[in-house]
Amino acid sequence: MSINPRYKKIWAVVKSIPKGSVSTYGDVARFSGYPGCARMVGTALRAAPDELNVPWHRVINSQGKVSFPSGGEKATSQQDILEHEGVVFLSGVVNLNAYAWQGNLDSELWRM
DNA sequence: GCACTGACTCCCA
DNA sequence: ATGGGAGCCAGTG
């Protein structure tokens, strides 16, 4: 099965998230031109091949938490990577107000 | 083609 | 603050 072009756009957006910052599924969806498609972002990230080096760990939910069962290996590793990049977790929650990436709507990313 | 699920989010009680 | 319900779109059986 072929990969939908939508995913490539989403991956491109995620890859543009600078180190030390995070973004939410909803925001990534909006920045990608698919407002309201937060779930699609999750699906896209799950389908993202490792070869692309997509920093999926920088994408968290609107609550500032990782979208994995807390205590799980995935959640733990994601949090560990983010902390290693300088993102601070307080009680398992990221201060989105301080770390959320402000996407640039005028980016050339939009018209690809 | 229908129905259910999912790495989501918003709204209201 | 917390939980339930609806809306959302693609993937999967």
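Heavy atoms only: backbone and side chains are in, while hydrogens, waters and symmetry mates are out. Only a predicted model underlies this, so the values are computations on that prediction, with no experimental measurement involved. Quick note on labels: first sequence line is chain A, next is B, and so on, each numbered from 1.
- Considering all non-hydrogen atoms of both residues, A/V87 and A/G20 come closest at CG2-O, 3.5 Å.
- Per the geometry, CG belonging to A/L96 stands 13 Å off C1' belonging to B/dT9, to the nearest Å.
- Distance A/F68 CZ to B/dG6 P: 13 Å, rounded to the nearest Å.
- Between A/Y34 and C/dC8 there is no side-chain polar atom (N or O) within less than 4.0 angstrom of OP1 or OP2.
- C/dC8 atom C1' lies 13 Å from atom CD1 of A/I10, rounded to whole Å.
- A donor-acceptor pair is defined here as one N or O able to donate and one able to accept, closer than 3.5 Å; such a pair exists between the side chain of A/N61 and the backbone of A/G64.
- Judged by closest nucleotide on DNA chain C, A/P35 is the one of A/P35 and A/Y7 placed further toward the 5' end.
- Here the side chain of A/C37 is nearest to one of B/dC8, C/dA10, C/dC9, namely C/dC9.
- The separation between A/N61 atom CG and B/dC8 atom P is 7 Å, rounded to whole Å.
- Contact annotation: A/N4 does not reach the phosphate of C/dC9 (side-chain N/O to OP1 or OP2, under 4.0 Å).
- Each of C/dA10, B/dC10, B/dA7 was ranked by its minimum atom distance to the side chain of A/Y25; first place goes to B/dA7.
- A/L45 places its CG atom 18 Å from the P atom of C/dC9, with the value rounded to the nearest Å.
- In terms of phosphate contacts, A/T43 brings no side-chain nitrogen or oxygen within less than 4.0 Å of OP1 or OP2 of C/dG11.
- Comparing C/dA10, B/dT9, B/dA7 by their closest approach to the side chain of A/T24 singles out B/dT9.
- For A/E85 (side chain) and A/P18 (main-chain N/O), no donor-acceptor pair under 3.5 Å exists by modelled atom type.
- Between A/V14 and A/V28, the closest side-chain pair of non-hydrogen atoms falls below 4.5 Å.
- Counting to the nearest Å, the P atom of B/dA7 and the CD1 atom of A/I81 are 18 Å from each other.
- A cation-pi arrangement, defined by a distance under 6.0 Å to the six-membered ring centre and an angle within 45 degrees of its axis, is present between A/K74 and A/W56.
- One atom, CZ of A/R30, and another, P of C/dC9, lie 16 Å apart when rounded to the nearest Å.
- Atom NZ of A/K65 is separated from atom C1' of C/dT2 by 10 Å (rounded to the nearest Å).
- When the side-chain nitrogen and oxygen atoms of A/R39 are compared with OP1 and OP2 of B/dA7, none of them lie within a distance under 4.0 Å.
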